[in-house]
Amino acid sequence: MSAESKDAPAPAPASNFIRQLVEADLKAGKNGGRVMTRFPPEPNGYLHIGHAKSICLNFGIAKEFGGVCNLRMDDTNPLKEDQEYVDSIKNDVRWLGFDWEQRFYHASDYFGRIYDIAVNLIADGKAYVCDLTEEEVRKGRGTVTEPGQESPGRKRSVEENLDLFTRMKAGEFADGKYTLRAKIDMASPNMKMRDPPLYRIRHTSHQATGDTWCLYPLYDFAHALSDAIEGITHSICTLEFENNRELYDWFIQHCRPLENRPQQIEFARLALTYTMMSKRKLLLLVQEGHVRGWDDPRMPTIAGIRRRGYTPEAIRDFAEKIGVARANSTVEFGLLEHCVRDDLNQRCARVMTVLKPIKLVIENLPENETIELEAVNFPEDAAKMGSRKLPFTRELWIEREDFMEDPPKQFHRLAPGKEVRLRWAFFVKCTGVIKNEAGEITEIRGTYDPTTRGGNAPDGRKVKGTIHWVSAKHAQDAEVRLYDQLFTVADPTAEVEGQDWRQTLSKTSLEVIHDAKIEAHLSGAAVGAQFQFERNGYFCVDPDSKPGKLVFNRTIGLRDSFAKAMGPKKE
RNA sequence: UGGGGCAUCGCCAAGUUGGUAAGGCAUCGGGCUUUGAAUCCGACAUUCGCAGGUUCGAGUCCUGCUGCCCCAACCA
């Protein structure tokens, strides 16, 4: 625990306008020195990496300034919400490393109080029952350049409004018959202030409150009140709610009884290249079977990237690195990958696994001889994870890509007449290949130099390349799933005329290898265990694994400057 | 066209009484190397959307312009 605190001191968090604002509020003694934030997702889908940014921000700010952060389900629309989503949200936030303690709430917890406040608003002449249809309301709202028309309901008496609202709650009216609207200003240049709806009738049972209610408050009303009721001091949301702030403040000012004065602050939501963040479209990917589910490792959902092998530490680091600002921006996916590699590099034991195997026969090693070698599990710090024994035998698996019959000069791997080091083992020189009738190489032949045991030549002879291998006799088969971007374009969000967004879905985002060769000792690895397959990347054990047949997900490949220098791969 | 926002290196992003452009990612060199990984060293904005103005001095102040985002769901 305390061992890590003696490491290099954490760098001071980057400056951002929200931290500065909270700091200034604290200094000014605002809110009695209290800091309370909240993360308020609507349980209508799974959380994604964009939500992770918000979670880190809200819980992070609270923790940093000695405050707390609530987890609240913003469940005001029973048509879209589901218990499955609330479960997944709690699970994901917890997994990311944040704790709401006992402060898990629902906007629906406050339906009773919100209703009472609405009644007060009516009594104060600041809200009225409107009998316009949805269509009429839309038309009556005007446009951005023209003022709207006042609803006839605006002239209703307080008594009649109260009576109607009571009957709306009692279930006397069908969906859409009436709404409750705030009486603000139909000519406001801010469309959000043109008598916004507060309540609509919906005879639908609710995920949390069942059939208790048949009318439900709308977002603006319920959200501002929920914040005030909980005592939120800083209500952090994304930029698209900027126009709603004036309305938020109106509610805070005119509703009673309300004790607190929360402040809404907006920041730019996360956008990532090659990534779709729309909840609606992510749902379609799941429903239409383009992916295997919300937790498909190709999905940008927390559940997906968790299964993929991304760690909470990497995601938190990413959230810190991207910063917080008010300018819309799109972060390169490569930054997230950097954070993941950076974290995994420090925690994963190294093992050798051959993904696309070809046999290498050591001609000068007898059939039944086994040489036992030792391999360090974490070469950066040999003491950290110990070592393991490796059997070296006549028949080995090596990576197909590590052999070329007619290589370019920069190729440091195996080729006829060339010598390479087999990691932790010996120098091996290729003596030839065996081909089938089709002319395909089926086997590579070579000889090992017994004096180079461990990988160093006593004569000081150097070798350019080191490749990984596994004893064919001892290797176990495993399934390995290689992932690539789900979309082929950097901005899958861009609307292209005549083209459906699904057309940018990649056909090669998943490649399954059924016969990868793994070191025998790996066969006992637990689901979720993570390793670096040397020279191949970071991998984790997938829950689909069965006894005797492990399934690995490639979390992320290693950086590959050679491939980069050689140009794009043909695959 | 009304209102609300935003514009600093390829991508993020600091820059707050105006004082002479942080950092990260990416990229490019080089060292080291039993992972072409990691790591280490070095390079990388005379310039802050554009045009004027104020000032000894402006990314920071003023004026005008341009571009992009958001708002006309009984969604959030």
Side-chain angles (χ1 to χ4, degrees), chain A residues 11 14-17 20 24 40-42 44 74 76-77 79-80 130 132-134 137-148 175-176 178-181 188-194 196-202 215-216 218-220 222-223 237-246 266 268 273 279-280 320-339 341-342 345-346 350 352 375-376 379-380 410-413 421-425 427 452 454-456 463-468 532-537 557-566:
Chain A
S15 169
N16 72 49
F17 77 100
Q20 290 170 9
E42 181 187 14
N44 67 343
D74 208 346
T76 56
N77 186 355
L79 258 25
K80 295 184 177 175
C130 173
L132 261 25
T133 63
E134 206 171 331
V137 167
R138 196 177 313 128
K139 286 202 174 114
R141 188 137 35 217
T143 70
V144 291
T145 52
E146 302 161 313
D175 290 6
Y178 290 113
T179 55
L180 182 72
R181 291 226 257 165
S188 171
N190 180 352
M191 301 294 293
K192 297 290 184 197
M193 299 298 278
R194 321 248 263 223
L198 268 30
Y199 268 97
R200 79 289 219 186
I201 299 171
R202 277 245 224 281
L215 78 174
Y216 296 93
L218 279 109
Y219 165 81
D220 288 292
H223 196 86
C237 63
T238 46
L239 246 30
E240 62 271 29
F241 293 102
E242 238 168 332
N243 299 312
N244 302 241
R245 188 174 64 237
E246 190 180 354
E266 313 87 20
T273 57
K279 265 190 184 180
R280 191 182 69 82
E320 187 56 40
K321 280 189 161 70
I322 57 178
V324 180
R326 288 179 63 87
N328 285 115
S329 63
T330 301
V331 176
E332 288 177 345
F333 198 84
L335 179 59
L336 213 207
E337 296 186 324
H338 161 80
C339 294
R341 286 195 186 99
D342 194 43
N345 177 44
Q346 304 166 52
R350 273 59 172 168
M352 292 196 287
V376 177
E380 292 273 278
Q410 318 97 297
F411 190 76
H412 296 164
R413 285 111 86 156
R421 171 167 40 232
L422 292 183
R423 174 140 245 229
W424 307 118
F427 283 10
T452 58
N456 290 301
V463 98
K464 276 279 190 50
T466 299
I467 66 174
H468 57 278
Q532 185 198 96
F533 289 178
E534 285 193 283
R535 303 208 308 134
N536 272 324
L558 260 25
R559 288 188 52 169
D560 191 348
S561 58
F562 178 67
K564 199 173 297 173
M566 297 303 280

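To find a chain, count down the sequence lines: A is the first, B the second, and so on, and within it residues start at 1.
Side chain A:N190 to base B:C71: no donor-acceptor pair is found below 3.5 Å. No donor-acceptor contact under 3.5 Å links the side chain of A:E380 to the base of B:U39.
Under the side chain to side chain donor-acceptor pair (under 3.5 Å) criterion, the residue pairs touching residues 323-334 of chain A are A:E242-A:R326, A:E266-A:R326, with sequence neighbours excluded.
Here the separation of B:G53 from B:G15, taken at their P atoms, is 30 Å to the nearest Å. One P atom belongs to B:G23, the other to B:C44, and the distance between them is 11 Å to the nearest Å. B:C28 and B:U66 are spaced 40 Å apart, taking the P atom of each and rounding to whole Å. B:U55 and B:U17 have their P atoms separated by 22 Å, given to the nearest Å. Taking atom C1' in both B:G5 and B:G36, one finds a spacing of 47 Å when rounded to whole Å. Distance noted for atom P between B:U54 and B:C12: 35 Å (whole Å). Going from the C1' atom of B:C41 to that of B:U47 covers 27 Å, rounded to whole Å. The same atom, P, is picked in B:G49 and in B:C11; the two are 14 Å apart, to the nearest Å.
Between A:T466 and B:G36 there is no side-chain N or O to OP1 or OP2 distance below 4.0 Å. Using a 4.0 Å cut-off, some side-chain N or O of A:R138 falls inside it from OP1 or OP2 of B:A73. At least one side-chain nitrogen or oxygen of A:S15 sits closer than 4.0 Å to the OP1 or OP2 atom of B:G15. Phosphate proximity of B:G3 to A:S188: absent, as no side-chain N or O sits under 4.0 Å from OP1 or OP2.
Contact annotation for A:F241: base contact, defined as any heavy-atom pair under 4.0 Å involving a base atom. Within the 4.0 angstrom heavy-atom criterion, only backbone atoms of the sugar-phosphate kind lie near A:L218; the bases stay farther away. Among the atoms of the strands shown, base atoms are found under 4.0 Å from some heavy atom of A:N244. Residue-level contact check: A:E266 touches neither bases nor backbone, having no heavy atom under 4.0 Å from any strand. Among the atoms of the strands shown, none is found under 4.0 Å from any heavy atom of A:L198. A:S329 comes within 4.0 angstrom of the backbone, heavy atoms only, and of no base. Within 4.0 Å of A:N456, counting heavy atoms only, lies at least one base atom of the nucleic acid. Across all strands shown, A:Q532 has heavy atoms under 4.0 Å from base atoms, whether or not it also approaches the sugar-phosphate. Residue contacts for A:R350: at a heavy-atom cut-off of 4.0 Å it reaches a base atom on one of the strands shown.
The CG-P distance, from A:N243 to B:C71, rounds to 8 Å in whole Å. One atom, CZ of A:R535, and another, C1' of B:U33, lie 14 Å apart when rounded to the nearest Å. The distance between atom NZ of A:K464 and atom P of B:C32, rounded to the nearest whole Å, is 14 Å. Atom pair A:M352:CE and B:A37:C1' shows a separation of 15 Å (rounding to whole Å applied). Atom P of nucleotide B:A73 and atom CG of A:L79 are separated by 18 Å, given to the nearest angstrom. As rounded to whole Å, 20 Å separates atom P of B:A73 from atom CD1 of A:I201. Rounded to whole angstrom, the span from the CD atom of A:E146 across to the P atom of B:C71 amounts to 19 Å. Look at CG on A:N16: it is 19 Å from P on B:G23, rounded to the nearest Å.
Between A:W424 and A:M352, the closest side-chain pair of non-hydrogen atoms falls below 4.5 Å.
Checking B:A73, B:C12, B:G36 against the side-chain heavy atoms of A:I322 singles out B:C12 as nearest. With distances taken from any side-chain atom of A:R202 to the nucleotides B:U39, B:A72, B:C74, the minimum falls on B:C74. Side-chain proximity of A:R245 to B:G36, B:U35, B:G5: nearest is B:G5. The listed nucleotides are B:A72, B:G36, B:G2; the one nearest the side chain of A:F411 is B:G36. In this structure, the nucleotide among B:C74, B:A13, B:C71 sitting nearest to the side chain of A:V144 is B:C71. For A:E42, the side-chain atoms get nearest to B:A76 when compared with the rest of B:U1, B:A73, B:A76. For A:A325, the listed nucleotide lying nearest its side chain is B:A13; candidates were B:A13, B:C12, B:A72. Nearest nucleotide to the side chain of A:T76, out of B:A76, B:A72, B:A38: B:A76.
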Would you tabulate the nitrogen or oxygen pairs shorter than 3.5 Å linking the protein to nucleotides 40-42 of chain B?
none

Tabulate atom names and distances for all N/O pairs under 3.5 angstrom spanning the protein and nucleotides 25-29 of chain B.
| from | atom 1 | to | atom 2 | distance (Å) |
| --- | --- | --- | --- | --- |
| B:U27 | OP1 | A:K564 | NZ | 2.4 |
| B:U27 | OP2 | A:R559 | NH2 | 3.1 |

Using atom names, set out every protein N or O paired with an N or O of nucleotides 59-61 of chain B below 3.5 Å, distance rounded to 0.1 Å.
none

Below 3.5 Å between N/O atoms, which protein atoms pair up with nucleotides 67-69 of chain B? Just atom names and distances, please.
| from | atom 1 | to | atom 2 | distance (Å) |
| --- | --- | --- | --- | --- |
| B:C69 | O2' | A:N328 | OD1 | 3.4 |

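With a cut-off of 3.5 Å on both pairing distances, B:U47 has no Watson-Crick or G-U wobble partner at all. Across all strands shown, B:G19 forms a Watson-Crick or G-U wobble pair, both distances under 3.5 Å, with B:C56. If you check B:A38 for Watson-Crick or wobble pairing at under 3.5 angstrom, you find it has no partner at all.
Under the rule for a side chain to side chain donor-acceptor pair (under 3.5 Å), the partners of A:K139 that lie at least two apart in sequence or sit in another chain are A:E135. Applying the side-chain contact (heavy atoms from CB on, under 4.5 Å) test to A:N190 and every residue at least two apart in sequence or in another chain returns A:S188, A:K192, A:M193, A:N243, A:E246. Applying the side-chain contact (heavy atoms from CB on, under 4.5 Å) criterion to A:T145, with sequence neighbours excluded, gives A:T143. Applying the side-chain contact (heavy atoms from CB on, under 4.5 Å) criterion to A:I322, with sequence neighbours excluded, gives A:K53, A:L270, A:F318, A:V331, A:L335. Under the rule for a ring-ring contact (aromatic ring centres under 6.0 Å, His included), A:H468 has no partner lying at least two apart in sequence or in another chain. Evaluation of the side chain to side chain donor-acceptor pair (under 3.5 Å) rule for A:T466 yields A:R421 as partners, not counting sequence neighbours. In this view, A:L558 and A:Q532, A:Y538 satisfy the side-chain contact (heavy atoms from CB on, under 4.5 Å) rule, not counting sequence neighbours.
Taking the O4'-C1'-N9-C4 or O4'-C1'-N1-C2 dihedral as appropriate, B:A73 has a value within 90° of 0 and is therefore syn.
A stacking contact between A:Y219 and B:A76 is absent: the pair does not combine a ring-centre distance of less than 5.5 Å to the base's six-membered ring with planes differing by less than 30°. Taking the 5.5 Å centre cut-off and the 30° plane limit, the aromatic side chain of A:H412 is classed as stacked on B:G36.
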